[in-house]
Amino acid sequence: MLQELLCRRKDALMILPYVAIVQEKIAGLSSFGIELGFFVEEYAGSKGKFPPIKRREKKSLYIATIEKGHSLVNSLIETGRIGSLGLVVVDELHMIGEGSRGATLEMTLAKILYTSKTTQIVGMSATLNNVEDLQAFLRAEYYSSRFRPVELKEYLKINDTIYEVDSKAENGMTFSRLLNYKYSDALKKLDPDHLVALVTEVIPNHSCLVFCPTKKNCENVAEMISKILSKEYLKHREKEKHELLKNLKAISGGNLCPVLKHTIPFGVAYHHSGLTSDERKLLEEAHSAGVLCLLTCTSTLAAGVNLPARRVILRAPYVAKEFLKRNQYKQMIGRAGRAGIDSVGESILIFQEKDKQQVLELISRPLENCYSHLVQEFTKGIQTLFLSLIGLKIATTLGDIYHFMSGTFFGVQQKILLKEKSLWEITVESLRYLTEKGLLQKDTVLTEKGLLQKDTVQGSEEEFQYSFRITKLGRASFKGTIDLAYCDILYRDLKKGLEGLVLESLLHLIYLTTPYDMASQCDPDWMVYFRQFSQLSPAEQNVATLVGVSENFIGKKASGQAIKKKVDKTIVNRLYLSFVLYSLLKETSVWRVSEKFNMPRGYIQNLLSGAAAFSSCVLHFCEELEEFWVYRALLVELTKKLTYCVKAELIPLMEVAGVLEGRAKQLYNAGYKSLAHLANADPEVLIRTIDHLSRRQAKQIVSSAKMLLHEKAEALQEEAEELLRLPSDFPGTMASSTEKA
């Protein structure tokens, strides 16, 4: 990427699966940008400019999530700038086989391949099987390596016997040793899987990860291990563990999880999505520094966070209730072994007799194949792709769209994926669906019989030139990256909002930007719902009436009464989540809102980031429809509030990669109150001033702040130069004279 930026003078894009990794990369690469003269720009959540600022001098390295990378590529194609993108690097390329996110990644890569002959794509993965399909789709060379800087040894444990995974052995494993750990009968009941025996072989001097099937199981295992560990473990890095507890309490406004309060003194903690991002970050840093020697975690840590360990233990061959896939297994055990720290890495999979056959198959079978999700994710897949192809004028005729589809990952796999319908039939059906939904308009008419004949591909020229153009609603949906299942509902909700938008509080606007998909998965606590409803002001009650939820209905649900009248579940759930967000914006304390609504604090934070991203999408949707002009200024401010959800003075500090609310408060209280303060800070002074801040983190904060400051200064400079530049159509200039001629 550096070669692309510095030698070939082109922009580069890095696509990563999770926001946490995007922020990690931004923090790590900003110092390179400062030293070598390029910009590092974040495209995640509600962050990122579309189209990106056009730089004349310096080049940009865009670091994006899958969804934001897609929007960025769309905006570059639309403005005729896709050729400025020299290199696209996709980390975890196997994500192409995962649901709607996979479909989005496939669309992004297919559009780049179709519109730019000069952009190079590099995909990386440690868990790919059907490489030939991806090679054909990307028209790529394939390079593989089995080199691993630290050797990994795989083990299996059943009862008190440990076997080594051995592909040469008859059943795939050979006897290694018996566990030598004296358990009393009481301890056996507490720890039937001998987890304490396994972890104490490596901790506290080396690190260990224990993957658990569920979030609750993570907490239970962390507590159980801490109860059994001897008091000697309390002395290891005692002062730093005390500091960690103090910092956890400080970032949570004086609150501390009772489980962590008990486990951290032993060097043990749990890690899952129920924690806030501030808490997770502190625990990750403490684990990396060796202050915490054991983390119990869910499978998401395998792909989402870079936390290697000497030993990785899989407590059971399950993720929730699903049996482990080979790819998941490989991702988890891949955490074992720290380059430059350990000489060896070990993984141990614990299983019961009933699972023995499945486990033996798991360790011997090849990795799972990746399949295109364009058809499986029907509303998010092919229709979304077609809408953007026509909106961007990449392909507007039936023939061109079909030709584009033939070159996708789905096109490569069509013989495997399509049993009942051909690619041609699916193309025609999808275009008809979009037309009926009012997102596309036909320019010419062809009979349905003609459209659905399988030999139409070789049909007449007239049939092949059957073309479409995007409607205003279609363009708004495409520009806002709105899920097509919800675009007409969103339009109706915004239209209805215009009739009586309540602006005495933020509740009505928050309701309009609460994500539909999160509402469909929500299960309200009806007593909490009724309590919150009863406390609404008259203006807030007016919002509930306008959207169609009555206090009488919530009261009946809370008291368990039967309800005859049919009510839209999505609206009811959406209003409930709006109450959560509204409380959060008023209080800004995730802990208090978590207690009030009896929801995990991590879930509330995910809801907040989902609402911030959706608010940004709704803003882009409204920008394309003149009738919704009134929402534009309102949504700019709301998106900012949802993105940061902190007191206004902390927002400039939280623009810096890796600075979350807790760290922003520390910095602000220490006198660093602006971006300029941070950009000019001395990392050594920061280390002495800010609790629990490593030298690496201090340098990254300063680099990220400098990068942001440089970006803002350059943007203002370019804007000033643009204003002072002589217009190209100025009377008497060469350009205007030529035009007249």
Side-chain angles (χ1 to χ4, degrees), residues 50-51 67 70-71 73-80 100 103-104 107-108 110-111 114-115 374 377-405 426-448 450-452 462-499 512-513 516-517 614-632 635:
F50 300 105
E67 293 73 17
H70 183 224
S71 298
V73 166
N74 281 346
S75 71
L76 288 172
I77 293 169
E78 188 172 28
T79 52
S100 61
T104 304
M107 286 185 241
T108 308
K111 284 184 218 175
Y114 197 85
T115 58
L374 278 180
E377 295 291 321
F378 208 55
T379 53
K380 293 179 187 174
I382 287 176
Q383 286 100 338
T384 305
L385 176 59
F386 287 2
L387 194 65
S388 67
L389 291 181
I390 294 160
L392 293 168
K393 299 190 169 104
I394 294 172
T396 53
T397 68
L398 186 57
D400 285 345
I401 292 166
Y402 176 76
H403 175 62
F404 181 98
M405 278 305 292
I426 281 181
T427 303
V428 170
E429 276 183 21
S430 299
L431 289 166
R432 185 183 296 122
Y433 168 86
L434 290 167
T435 308
E436 286 168 0
K437 213 169 166 69
L439 302 170
L440 290 181
Q441 251 180 346
K442 301 175 190 178
D443 271 354
T444 55
V445 179
L446 193 69
T447 63
E448 282 195 13
L451 277 174
L452 290 171
E462 182 198 350
E463 289 170 341
F464 223 58
Q465 289 306 311
Y466 183 62
S467 67
F468 297 86
R469 57 192 160 86
I470 198 163
T471 63
K472 283 185 177 177
L473 179 61
R475 180 162 291 282
S477 304
F478 152 59
K479 280 300 200 57
T481 59
I482 304 295
D483 185 335
L484 299 190
Y486 303 122
C487 62
D488 43 359
I489 305 169
L490 175 64
Y491 180 82
R492 282 201 304 272
D493 283 348
L494 291 168
K495 194 82 175 161
K496 193 177 176 186
L498 289 180
E499 293 167 21
L512 292 170
T513 55
Y516 292 98
D517 55 347
F614 188 56
S615 178
S616 174
C617 292
V618 177
L619 171 60
H620 293 310
F621 182 88
C622 292
E623 282 171 345
E624 295 300 317
L625 296 166
E626 190 56 42
E627 63 202 287
F628 294 144
W629 65 270
V630 73
Y631 286 115
R632 293 173 203 166
L635 288 172

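Everything quoted here is computed from the prediction, not taken from an experiment.
Put simply, the side chain of T481 never gets that close to the backbone of S477: no donor and acceptor are under 3.5 Å apart. In this structure a side-chain-to-backbone donor-acceptor pair under 3.5 Å is present from T471 to L439. For Y114 (side chain) and I394 (main-chain N/O), no donor-acceptor pair under 3.5 Å exists by modelled atom type. Side-chain atoms of S388 come within 3.5 Å of backbone N or O of L385 as a donor-acceptor pair.
C487 and L484 get closest at one heavy-atom pair: SG-O, 3.5 Å. Between L440 and I470, the closest heavy-atom pair is CD2-CA, 3.9 Å. Here the closest non-hydrogen pair linking K111 and F404 is N-CZ, 3.9 Å. Annotation for L494 and Y631: closest pair O-OH, 2.6 Å, computed over non-hydrogen atoms. In plain terms, the two heavy atoms of K437 and D488 that are nearest each other are NZ-OD2, 3.2 Å. Shortest non-hydrogen contact noted between G438 and L473 is O-CB, 4.1 Å.
With rounding to the nearest 0.5 angstrom, the CE atom of M107 is 4.5 Å from the OG1 atom of T104. The distance from atom OG1 of T513 to atom CG of L619, rounded to the nearest 0.5 Å, is 11.0 Å.
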Check: Stepwise, does the side-chain contact (heavy atoms from CB on, under 4.5 Å) test hold for R632 with E623?
Finding: CA-CA 7 Å; R632 293 173 203 166; E623 282 171 345; 4.2 Å; yes
Item checked: Stepwise side-chain contact (heavy atoms from CB on, under 4.5 Å) check, M405 with L374 -> CA-CA 10 Å; M405 278 305 292; L374 278 180; 4.2 Å; yes
Note to self: Would K472 and L625 count as a side-chain contact (heavy atoms from CB on, under 4.5 Å) here? Give the steps.
What the structure shows: CA-CA 7 Å; K472 283 185 177 177; L625 296 166; 3.9 Å; yes
Notebook entry, point to check: Can T397 and I401 be said to form a side-chain contact (heavy atoms from CB on, under 4.5 Å), step by step?
Noted result: CA-CA 6 Å; T397 68; I401 292 166; over 6 Å; no
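Side chains of Y516 and D493: a donor on one and an acceptor on the other come within 3.5 Å. Remark: the H70 side chain and the E67 side chain contain no N/O donor-acceptor pair separated by less than 3.5 Å.
A heavy-atom distance below 4.5 Å is not found between the side chains of P51 and L76. Counting only heavy atoms from C-beta outward, the side chains of K479 and F50 never approach each other to under 4.5 Å. With contacts defined as side-chain heavy-atom distances shorter than 4.5 Å, the pair F614/D517 does not qualify. Two residues are said to be in side-chain contact when any heavy atoms from C-beta on lie closer than 4.5 Å; V618 and L635 meet this criterion. Taking 4.5 Å as the limit, every side-chain heavy atom of R492 sits out of range of all side-chain heavy atoms of K496.
Note on ring orientation: taking the six-membered ring where Trp is involved, the planes of F628 and F621 are parallel (angle under 30°, cut-offs 30° and 60°).
Aromatic ring centres of F468 and F386: separated by at least 6.0 Å.
For E78 and R475, the salt-bridge test passes: some basic side-chain N is under 4.0 Å from an acidic carboxylate O. In this structure, E627 pairs ionically with K495, as a charged nitrogen and a carboxylate oxygen lie closer than 4.0 Å.
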